[in-house]
Amino acid sequence: MKTLGAILWDSGTDWSVEEIEMDAPHAGEVTVQWRYAGLCHTEEHLVTGDLVPPADVVEQFGLPPAFPMLGGHEASGVVVDVGPEVHGLQPGDHVVSSFIPACGQCRWCSSGISYLCDLNAQMFVPGMTTDNTVRHRARGRDLLQFAKVGAFAGLGVLAESSLIKIDSSIPLELAALVSCGVATGFGSAVNRAKVAPGETVVVVGVGGIGINAVQGARIAGAASVVAVDPVELKRKAALDFGATHVAESIAEALGIVSEMTQGVMAERVILCPGVLDAEIPGAALPLVAKSGTLVVTAIAPMSANTVNLNMFELGMYNKEIKGSIFGSGNGRVEVPRLLTLYKTGQLKLEGLITSTYSLADINQGFADMRAGKNIRGVIDLDRDRSDSV
Ligand SMILES: NC(=O)c1ccc[n+]([C@@H]2O[C@H](COP(=O)([O-])OP(=O)(O)OC[C@H]3O[C@@H](n4cnc5c(N)ncnc54)[C@H](O)[C@@H]3O)[C@@H](O)[C@H]2O)c1
Ligand SMILES: [Zn+2]
Ligand SMILES: [Zn+2]
């Protein structure tokens, strides 16, 4: 099979849209015709090199090269073929990607925390989680499917463990966003920060992830939600999604939250800027109330080991800092839960997509993300579809 895909041949380069060749699905695998793929900031970390294993790690673990890489991890599509030993999907099913596979067998999956599935250790290793062999090639080279998904393409072969079946009545362009941006932001507030009714919440960075932390906090019953972002468009959108206050910077938010809470500060602060610079956690810690929680959702450069943080304040005010991946939620539970909240009118999905692009315009989509023009940009894969199934 042949299709078009957007490939990153190395960090520091543009996405290259070109023909890719694919194999038929092996045991436990499924062919998906992708319909929509969101432009999440995580792919941008691949371009800048922030999310590429550092040289010492590559050497220590003897990792194979991560490039060339087929991007795209936030996506929706329709199953068009299934290999042997696929038990939960059939052609015609609507699916979204699960950027962390859930094997159902490992210690973490067996403990009910599939977002920590051991298969995620293979994120930067080419090959399927089923049998370690590769299904996608371009210019004769094997392609790594980012996050075991690789949805910047017309078609893809994925392990069943990387897909979540959804209700076919949900518009596929909205469903795509739920697979990463909505699940990650909402879960950062609800599952990890554990926002409770009446609390004050601050979300730093309200792009595709943070705006969903805002609406997670609203749905969890926060009394006040302060959205912090230097871009006016994002602050305005945050007000539509449940923010009660906005600030251009953490410094401005400190004044607002201090006045609003008579110095108590916010029980929950969630960090979702595009890049987690070393200065941000330390700047945000004073926003956190005594015994409050700082959640780190944004991705820092993989090789960054230092952070400027007042440890006295952390200890003596009994504060906590928590990481969060995939909204600390299990995709097969979270995605249906979020889609139910959408169907019952509580979760807003319309309005998250600012612009849609053809695959050929993917670099424009990322340029618009960098320029702060989009809450979320989405690729409509039907626009320049060359494959037929
Ligand atoms: N933990 C996870 O599982 C997970 C999953 C997906 C994405 N992410 C990460 O979450 C982060 C956000 O992703 P996104 O897709 O929403 O990005 P985005 O580019 O859509 O939005 C980031 C927002 O942060 C704002 N911003 C930048 N610097 C800021 C600062 N100093 N203070 C306040 N706001 C600032 C930008 O204006 C923008 O609106 C990225 O680092 C991404 O890689 C993490
Ligand atoms: Zn993402
Ligand atoms: Zn597992």
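Values reported hereafter were calculated over all heavy atoms of this structure, with side chains retained and with hydrogens, waters and symmetry mates removed. Predicted model, so just to flag it, every value in this text is computed and none were measured. Start at 1 with the first residue, then count along the sequence.
Taking all atoms of both residues into account, the shortest heavy-atom contact from V96 to A175 is CG1-O, 3.5 Å. Here the shortest heavy-atom pairing between P101 and C117 reads O-CB, 3.0 Å. Taking all atoms of both residues into account, the shortest heavy-atom contact from G208 to R376 is CA-NH1, 3.7 Å. Q90 approaches V82 most closely through the heavy-atom pair CA-CG1, 4.1 Å. Nearest heavy-atom pair, A278 versus V307, reported as atom, atom and distance to 0.1 Å: O-CG2, 3.5 Å. Nearest heavy atom pair, residue A217 against residue V195, reads O-CG1, 4.1 Å.
Looking at heavy atoms from C-beta onward, L174 lies out of side-chain contact with Y36 at the 4.5 angstrom threshold. Using a 4.5 Å heavy-atom threshold, the side chains of P54 and M302 count as touching. Side chains of F186 and L347 form a contact here, defined as non-hydrogen atoms less than 4.5 Å apart. Residues T184 and N212 have side chains not in contact (no heavy-atom distance under 4.5 Å, counting atoms from C-beta outward). For the pair L177/E74, a side-chain contact is recorded, criterion being any heavy-atom separation below 4.5 Å from C-beta on. In this structure, E44 and D50 have side chains that are not in contact, with every pair of non-hydrogen atoms separated by 4.5 Å or more. L39 places none of its side-chain heavy atoms less than 4.5 Å from the side chain of E43. Put simply, the side chain of P286 reaches to within 4.5 Å of the side chain of L254, judged on heavy atoms.
Note that the OG atom of S358 and the CD atom of Q364 stand 10.5 Å from one another [nearest 0.5 Å]. The distance from the NE2 atom of H41 to the CZ atom of R370 is 8.5 Å, given to the nearest 0.5 Å. How far CG of N305 is from OG of S303: 7.0 Å, rounded to the nearest 0.5 Å. Note: Q346 CD to Q215 CD = 10.5 Å, rounded to the nearest 0.5 Å. The line from CG of L70 to CZ of R137 is 12.5 Å long, rounded to the nearest 0.5 Å. Separation of atoms CD (E173) and CG (L349) is listed at 10.0 Å; rounding is to 0.5 Å.
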>> Run the side-chain contact (heavy atoms from CB on, under 4.5 Å) test on N363 and Y357 for me, step by step, so that the C-alpha distance in whole Å, both residues' side-chain angles and the decisive distance to 0.1 Å come before the verdict.
In response: CA-CA 10 Å; N363 290 304; Y357 304 87; over 6 Å; no
>> side-chain hydrogen bond (donor to acceptor under 3.5 Å, both in side chains) for H94 and R35? Distances and angles first, verdict last.
In response: CA-CA 10 Å; H94 289 201; R35 294 292 172 80; 5.9 Å; no
>> Test salt bridge (charged side-chain N to carboxylate O under 4.0 Å, His left out) on D361 and R383; report intermediate values, then the result.
In response: CA-CA 10 Å; D361 285 336; R383 281 202 202 161; over 6 Å; no
> How far apart are the C-alpha atoms of R139 and S16, what are their side-chain angles, what is the distance that settles it, and do they pass the side-chain contact (heavy atoms from CB on, under 4.5 Å) test?
Replying inline: CA-CA 12 Å; R139 303 184 208 170; S16 169; 3.9 Å; yes
>> Evaluate M69 against F152 for side-chain contact (heavy atoms from CB on, under 4.5 Å), listing each step before the verdict.
In response: CA-CA 10 Å; M69 186 187 286; F152 291 160; over 6 Å; no
> Run the side-chain contact (heavy atoms from CB on, under 4.5 Å) check on D56 and E59 step by step: do they pass?
Replying inline: CA-CA 5 Å; D56 55 334; E59 197 178 328; 5.7 Å; no
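At distances below 3.5 Å, not a single donor-acceptor pair connects side-chain atoms of S11 with backbone N or O atoms of G49. Remark: side-chain polar atoms of N330 are not paired, donor with acceptor, to backbone N or O of R332 under 3.5 angstrom. A donor-acceptor pair under 3.5 Å is formed between the side chain of R192 and the backbone N or O of G323. No side-chain donor-acceptor contact under 3.5 Å links S161 to the backbone of A102. At least one donor-acceptor pair closer than 3.5 Å links the side chain of E267 to the backbone N or O of T200. For the pair N310 (side chain) and E313 (backbone), a donor-acceptor distance under 3.5 Å is present. No donor-acceptor pair under 3.5 Å is formed between the side chain of D368 and the backbone N or O of N374. Remark: side-chain polar atoms of H45 are paired, donor with acceptor, to backbone N or O of G274 under 3.5 angstrom. At least one donor-acceptor pair closer than 3.5 Å links the side chain of K319 to the backbone N or O of L285. No side-chain donor-acceptor contact under 3.5 Å links D10 to the backbone of F67.
A chain of hydrophobic side-chain contacts below 4.5 Å, direct or via other Ile, Leu, Val, Met, Phe, Trp or Tyr residues, connects M260 to M265. When the side chains of ILVMFWY residues are joined at heavy-atom separations under 4.5 Å, either directly or via intervening members, I100 and V190 end up in two distinct hydrophobic clusters. Note: the hydrophobic cluster containing V295 does not contain V269 (ILVMFWY, side chain heavy atoms under 4.5 Å, direct or indirect links). Hydrophobic clustering (side-chain heavy atoms under 4.5 Å, transitive across Ile, Leu, Val, Met, Phe, Trp, Tyr) keeps V228 apart from I375. With hydrophobic clusters built from ILVMFWY side chains whose heavy atoms lie under 4.5 angstrom apart, V288 shares a cluster with V202.
Side chain to side chain, D387 and T3 meet the donor-acceptor criterion of an N or O pair below 3.5 Å.
One finds no salt bridge joining K348 and D240 here, because no Lys/Arg side-chain nitrogen approaches an Asp/Glu carboxylate oxygen to under 4.0 Å. Salt bridge E232/R235: absent, no basic N to carboxylate O contact under 4.0 Å.
Between F326 and F99, the ring-plane angle classifies as tilted under the 30° and 60° cut-offs. Between F124 and F146, the ring-plane angle classifies as tilted under the 30° and 60° cut-offs.
Annotation for Q105: atom CD does not count as buried by contact number, only 12 or fewer foreign heavy atoms lying within 6.0 Å.
When each of V86, V95, V80 is checked for a side chain to side chain contact (heavy atoms under 4.5 Å, CB included) with V30, only V86 meets the rule.
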